[in-house]
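Just below is one structure, and these are the notes that go with it.
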Amino acid sequence: MARRATVVDVQASAIRLEPTPNAGRDLMWYNFNDGGLEAMVQGYRSALLRHDDYNALCQCETLQDVKMYLQSNTTYGDPPFLQDAATLDPSIIKDKAQEKLVKEFNELREWADPPLSTFLDFITYDYMITNVLKLIQGARNNRETLDLITRMHPLGKFEGMGAIMADCSSID
């Protein structure tokens, strides 16, 4: 004889959750797959200059004071940031900070998986386009190739730039 369905049975069947594929595995493997990359990003984030750092840099009277503050109170001093700079100039500080940014960006892009690496590639496309436009503008104004190369942003450099420079120089 079949059992009659009770109210509890009806409510239990209405609440039943169907297991979704990869329901727990995504979270279970998150640290294994993405934990190292997230740790890198958190490390880079903690290395950014804070509001207090900017206020302290504004209080510096000479570039030597800026150099000493950056080396002693920030991560810019870990590998000696400006130690090899014999003469201190604002452009040297800017170039060294940009070198550090590009190095960290490229490390992040190398470690990233396709969704993030694609996004990071999209970021570099703007710099690539700007560099190509600088090459074309320089060729139109008869500027030297070496001068153009030094003015390019490092995030926008790519393998085909040599061919573009050769084509731009043949326009003359």
Side-chain angles (χ1 to χ4, degrees), residues 33-172:
N33 294 327
D34 302 316
L37 191 61
E38 184 177 351
M40 283 177 62
V41 171
Q42 291 295 330
Y44 293 153
R45 182 178 173 269
S46 68
L48 293 174
L49 297 178
R50 306 258 189 272
H51 184 69
D52 297 337
D53 294 326
Y54 284 112
N55 287 338
L57 288 171
C58 289
Q59 300 296 324
C60 294
E61 294 180 6
T62 65
L63 289 176
Q64 191 65 30
D65 294 341
V66 171
K67 175 183 172 181
M68 295 304 279
Y69 182 83
L70 289 174
Q71 287 182 335
S72 62
N73 298 332
T74 66
T75 59
Y76 290 98
D78 288 342
F81 180 61
L82 296 167
Q83 192 164 3
D84 58 344
T87 59
L88 209 52
D89 190 294
S91 63
I92 293 173
I93 294 173
K94 179 193 129 323
D95 291 343
K96 293 290 186 175
Q98 189 176 40
E99 269 179 37
K100 184 178 188 298
L101 172 73
V102 169
K103 179 181 163 270
E104 290 173 355
F105 182 87
N106 287 333
E107 284 177 3
L108 186 64
R109 195 167 70 176
E110 288 173 13
W111 281 92
D113 286 333
L116 178 60
S117 64
T118 304
F119 175 74
L120 295 174
D121 288 340
F122 287 154
I123 291 173
T124 61
Y125 294 160
D126 180 48
Y127 295 106
M128 289 179 187
I129 292 168
T130 303
N131 284 349
V132 170
L133 291 175
K134 283 181 184 178
L135 283 175
I136 293 170
Q137 189 68 28
R140 289 180 65 205
N141 296 332
N142 295 325
R143 301 207 46 194
E144 291 187 31
T145 308
L146 184 61
D147 182 41
L148 294 173
I149 291 172
T150 58
R151 293 176 182 255
M152 291 183 191
H153 196 282
L155 284 178
K157 293 183 179 177
F158 57 97
E159 292 179 18
M161 288 188 77
I164 293 173
M165 285 188 277
D167 286 344
C168 286
S169 63
S170 67
I171 292 174
D172 299 338

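With sequence neighbours left out, the side chain to side chain contact (heavy atoms under 4.5 Å, CB included) criterion links Asn55 to His51. Under the ring pair (Phe, Tyr, Trp, His ring centres under 6.0 Å) criterion, Tyr54 pairs with no residue at all, not counting sequence neighbours. Residues satisfying the salt bridge (charged side-chain N to carboxylate O under 4.0 Å, His left out) criterion with Asp95, sequence neighbours excluded, are absent altogether. Every side chain to side chain contact (heavy atoms under 4.5 Å, CB included) that Ile136 has, sequence neighbours left out, goes to Val132, Arg140, Cys168. Not counting sequence neighbours, the partners of Tyr125 by the ring pair (Phe, Tyr, Trp, His ring centres under 6.0 Å) test are Phe122. Take Asp52 and apply the side chain to side chain donor-acceptor pair (under 3.5 Å) test, not counting sequence neighbours, and it matches no residue. Residues passing the side chain to side chain donor-acceptor pair (under 3.5 Å) test with Thr150: none are found, sequence neighbours excluded. Taking Tyr69 as the reference, nothing meets the ring pair (Phe, Tyr, Trp, His ring centres under 6.0 Å) condition, with sequence neighbours excluded. When the side chain to side chain donor-acceptor pair (under 3.5 Å) test is applied to Asp65, the partners found at least two apart in sequence or on another chain are Thr62. Residues satisfying the side chain to side chain contact (heavy atoms under 4.5 Å, CB included) test with Leu148, not counting sequence neighbours, are Leu135, Arg143.
Remark: Leu70 CG to Asp53 CG distance equals 8.5 Å, nearest 0.5 Å. Distance OG1/Thr75 to NZ/Lys100: 3.5 Å, rounded to 0.5 Å. To the nearest 0.5 angstrom, Cys60 atom SG is 13.5 Å from Lys67 atom NZ. We find the CD1-CD distance between Ile149 and Glu144 to be 11.0 Å, quoted to the nearest 0.5 Å. The line from CZ of Phe105 to OG1 of Thr124 is 6.0 Å long, rounded to the nearest 0.5 Å. Separation of atoms CD (Glu99) and NZ (Lys94) is listed at 10.5 Å; rounding is to 0.5 Å.
Taking a 6.0 Å sphere around NZ of Lys157, one finds it holds more than 12 heavy atoms contributed by other residues, nucleotides or ligands. For Phe119, the CZ atom is loosely surrounded, since the number of other residues' heavy atoms within 6.0 Å does not exceed 12.
Judged by distance alone, with hydrogens and angles left aside, the side-chain atoms of Asn131 form no donor-acceptor pair with the main-chain N or O of Met152 at under 3.5 Å.
Contact check for His153 versus Gln98: side-chain heavy atoms found under the 4.5 Å cut-off. For the pair Ile92 and Lys96, the minimum side-chain heavy-atom distance is below 4.5 Å.
Counting only residues at least two apart or on different chains, no salt bridge (charged side-chain N to carboxylate O under 4.0 Å, His left out) pair has a member in residues 122-138.
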Side chains of residues 35-48: which donor-acceptor partners sit under 3.5 Å, not counting sequence neighbours?
unit_1 : atom_1 : unit_2 : atom_2 : d
Glu38  : OE1    : Tyr30  : OH     : 2.6
Tyr44  : OH     : Glu107 : OE1    : 2.5
Ser46  : OG     : Gln42  : O      : 3.4
Ser46  : OG     : Gly43  : O      : 2.9

